[in-house]
Undergrad: 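What follows is a single structure, and I will ask about it in a moment.
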Protein chains: 2
Amino acid sequence: MSEATTGKGRARGIDRIIGLCDCLHRVGRPVSVRELVELTQAPRSSVYEQVATLLEAGWLEERTDGLLFFGRKMHYFGTDYLRHDDFIARARRVLVELTAEHAETSQLCMLEGDKYVVALSEMPPRPFAISSEVGMATPIPWTASGRVLLEGYDAAALHAFVPEEDFILPSGERIQPADFAADISRAASQGYAVTRGLVDGFACCIAVPIRDLRGKVKATICFTVGNDIDDQRLAMLVEVLSEAGRRLSEVSVSGAR
Amino acid sequence: MSEATTGKGRARGIDRIIGLCDCLHRVGRPVSVRELVELTQAPRSSVYEQVATLLEAGWLEERTDGLLFFGRKMHYFGTDYLRHDDFIARARRVLVELTAEHAETSQLCMLEGDKYVVALSEMPPRPFAISSEVGMATPIPWTASGRVLLEGYDAAALHAFVPEEDFILPSGERIQPADFAADISRAASQGYAVTRGLVDGFACCIAVPIRDLRGKVKATICFTVGNDIDDQRLAMLVEVLSEAGRRLSEVSVSGAR
DNA sequence: TGTGATTGTCTGGTATTTCGGACACAATTC
DNA sequence: GAATTGTGTCCGAAATACCAGACAATCACA
């Protein structure tokens with residue numbers, strides 16, 4: 001992802017900005033200028049200058065505690081994106097519907113490079129819904145959606161595509177690529193994937209594919225529910241998701257991207 | 001707003017990018033490179049290069065029809081902003097609640113420079129809810145919220161602050177600054193403002209203040225409802241909004257911003 | 001209060017990026 | 001099919017934005 005957008009040596013302002021925002025997103029919390037300098041590896045004086053520019057533009061905001069984070073403008077731009085990407089806009093309506101109907105967190109997930117990201121997330125208005133952060137890059141093997149998104153990948157292809165370290169779960173345990181490949185082909189044949197307590201212990205994820213015109217999986221929608229779910233409800237949710245997945249697949253005609 | 005972020009002559013890449021994104025936001029729809037060049041007044045070759053860089057970074061996306069608009073990354077950054085700005089996050093929960101309860105569009109509005117902008121908008125899931133675009137700068141006198149946000153401004157202060165042309169409604173009709181000042185002081189004394197059919201004919205807006213610690217109005221929350229609303233329901237919504245406004249005002253202690 | 005670390009500002013030189021304009025190619029128009 | 005207009009790429013020159021580093025101000029702590 002972030003290629004040479006950070007690092008020392010003279011760089012274009014625009015690349016520095018991109019690197020800066022990527023870092024901010026990656027850490028996912030307000031940071032001090034000092035921290036920003038460390039994260040981006042950019043020259044101190046440059047960072048000060050860029051930050052000043054971005055603050056003035058409303059791309060960043062300085063909070064009362066002096067820390068920096070994204071500003072209003074980013075929200076506006078992001079909202080513009082959501083409105084104008086046909087596929088995303090349609091998916092969002094479906095997620096809202098699913099979450100309203102079943103009171104579970106529903107998400108739209110996609111690949112970004114060799115990582116999995118949550119593109120959209122709708123949480124039910126209940127106190128302890130399980131969430132995960134929009135846009136955060138996560139190793140593919142950690143997720144149910146990953147098993148759907150990598151449809152068609154065999155062990156060799158996996159080895160080439162997925163970074164070695166991504167097979168190691170937060171717990172330290174290692175997923176065997178062969179097992180992962182088996183999960184993938186099972187997902188392909190049954191049309192959905194379920195993981196239980198993979199990264200979390202208490203979470204259970206159910207993912208189904210959304211396909212483009214050529215039948216390739218381009219995204220997934222998933223429910224994230226408590227691991228204590230019973231089989232009957234799980235089957236019901238699978239059914240509901242599959243239906244939604246089909247709906248989002250077919251009309252994906254000329255929409256955006 | 002957009003100061004020297006557009007225009008001819010040599011400019012920093014970062015300023016060009018800011019100008020480019022501002023233009024995209026202002027037009028509010030996907031555009032061709034040609035159009036971008038016109039909008040930003042930037043050199044053609046520069047625009048091509050910046051666009052390429054931004055596309056690669058995922059800040060922009062090229063759609064199937066070749067037009068450009070904001071990309072995924074902006075959505076991620078915007079989501080980060082929403083999560084981490086305490087005040088915004090709290091306001092959002094309140095809006096969701098209000099909209100769920102009363103099935104009307106509710107919004108959080110603020111000033112940005114000498115313009116009014118919708119910072120957050122929650123629409124009820126019904127077919128013909130009245131909406132307005134998040135982040136779009138609108139002349140202050142066109143709105144109910146404007147009458148609340150400018151609390152304390154007399155005719156002279158208005159004259160100094162609000163651009164002359166902003167008093168002209170889309171219909172071509174002109175709002176008299178004196179009338180506007182009267183609306184403002186009425187809003188201050190009754191604690192809310194209502195406008196009926198101001199820009200739209202069919203829309204009715206109800207706005208109440210959210211105050212910072214010093215008592216200054218820093219934002220409004222409002223309902224946008226159909227103009228056919230009856231007095232009783234309107235009174236009820238005013239009451240509900242006022243309560244919400246009070247809730248958002250008090251604890252605004254050390255929040256963000 | 002002294003000493004060292006941290007944070008923020010400023011300035012000048014130069015490695016680099018921006019920009020103008022030329023060029024190639026495609027799409028229209030006459 | 002010639003002429004015109006629109007779109008995208010490439011290149012060299014030079015204006016300048018980025019960076020290093022010096023300095024000032026503030027803080028931390030003994």
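By convention in this document, chain letters (A, B, ...) are assigned in the order of the sequence lines, proteins followed by strands, and residues within each chain are numbered from 1. Here the structure is a predicted model, which is why all the values come from computation and not from measurement.
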Undergrad: Give the rounded distance in Å between these two atoms: CD of B:Gln50 and C1' of D:dG8.
TA: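 Going from B:Gln50 (CD) to D:dG8 (C1'), I get 15 Å.
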Undergrad: Whole angstroms only, please: what is the CG-C1' distance between A:Leu67 and C:dG8?
TA: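 Taking CG of A:Leu67 and C1' of C:dG8, I get 16 Å after rounding.
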Undergrad: 5'-most contact on DNA chain C: B:Gly13 or A:Ser32, nearest heavy atom basis?
TA: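 Its nearest nucleotide lies further toward 5', so the answer is A:Ser32.
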Undergrad: Find every protein N or O atom lying less than 3.5 Å from an N or O atom of nucleotides 13-16 of chain C, and list the pairs.
TA:
from: C:dT16; atom 1: O4'; to: A:Arg10; atom 2: NH1; distance (Å): 3.0

Undergrad: Separation of B:Glu49 atom CD from C:dG20 atom C1', in whole Å?
TA: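 Going from CD in B:Glu49 over to C1' in C:dG20 covers 14 Å.
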Undergrad: Parallel, tilted or perpendicular, judged at 30° and 60°: which one describes the rings of B:Trp59 and B:Phe77?
TA: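 Ring orientation of B:Trp59 relative to B:Phe77: perpendicular.
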Undergrad: Does B:Glu122 pair with B:Arg93 as a salt bridge, N-O distance under 4.0 Å?
TA: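 Result for this pair is no, no salt bridge flagged.
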Undergrad: Measure from CG on B:Leu20 to P on C:dC19 and round the result to the nearest Å.
TA: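 The distance from CG of B:Leu20 to P of C:dC19 comes to 12 Å, rounded to the nearest Å.
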Undergrad: A:Glu97 pairs by salt bridge (charged side-chain N to carboxylate O under 4.0 Å, His left out) with which of A:Arg90, A:Arg247, A:Arg92?
TA: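 Result for salt bridge (charged side-chain N to carboxylate O under 4.0 Å, His left out) with A:Glu97: A:Arg247.
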Undergrad: Whole Å only: how far is the OH atom of A:Tyr48 from the C1' atom of D:dC23?
TA: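 Computing the A:Tyr48:OH to D:dC23:C1' distance gives 14 Å.
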Undergrad: Salt bridge check: are A:Arg29 and A:Glu35 linked by an N-O gap of less than 4.0 Å?
TA: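 Looking at A:Arg29 and A:Glu35, the cut-off is met.
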Undergrad: In whole angstrom, what separates A:Leu36's CG from C:dT7's C1'?
TA: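 That distance rounds to 14 Å.
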Undergrad: For A:Pro170, does its backbone N or O pair with a side-chain atom of A:Trp142 as donor and acceptor, under 3.5 Å?
TA: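 No; zero donor-acceptor contacts below 3.5 Å.
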Undergrad: Hey, does the Lys NZ or Arg CZ of B:Lys218 hover above the aromatic six-ring of B:Phe87, less than 6.0 Å from the centre and inside 45° of the axis?
TA: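 Output yes; distance and angle both within limits.
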Undergrad: By the 4.0 Å heavy-atom rule, please label A:Arg44 as base, sugar-phosphate, or nothing.
TA: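 Base, at least one base heavy atom under 4.0 Å.
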Undergrad: Atom CG of A:Asp15 and atom P of D:dC18: how far apart are they, to the nearest Å?
TA: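 Going from A:Asp15 (CG) to D:dC18 (P), I get 11 Å.
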Undergrad: Would you please confirm or rule out a distance under 4.0 Å between OP1 or OP2 of D:dC18 and any side-chain N or O of A:Ser46?
TA: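 No, because none of the side-chain N or O atoms of A:Ser46 sits under 4.0 Å from OP1 or OP2 of D:dC18.
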Undergrad: OP1 or OP2 of D:dT7 versus the side-chain N and O atoms of B:Arg34: is any pair under 4.0 Å?
TA: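 Looking at the OP1 and OP2 atoms of D:dT7, one of them is under 4.0 Å from a side-chain N or O of B:Arg34.
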Undergrad: In whole angstrom, give the distance that lies between atom CD1 of A:Ile17 and atom P of C:dT17.
TA: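 Interatomic distance, CD1 of A:Ile17 to P of C:dT17: 14 Å.
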Undergrad: Measuring centre to centre across the rings, with the benzene-like ring taken for any Trp, is B:Tyr81 within less than 6.0 Å of A:Phe69?
TA: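 Centroid distance B:Tyr81-A:Phe69: not below 6.0 Å, so no.
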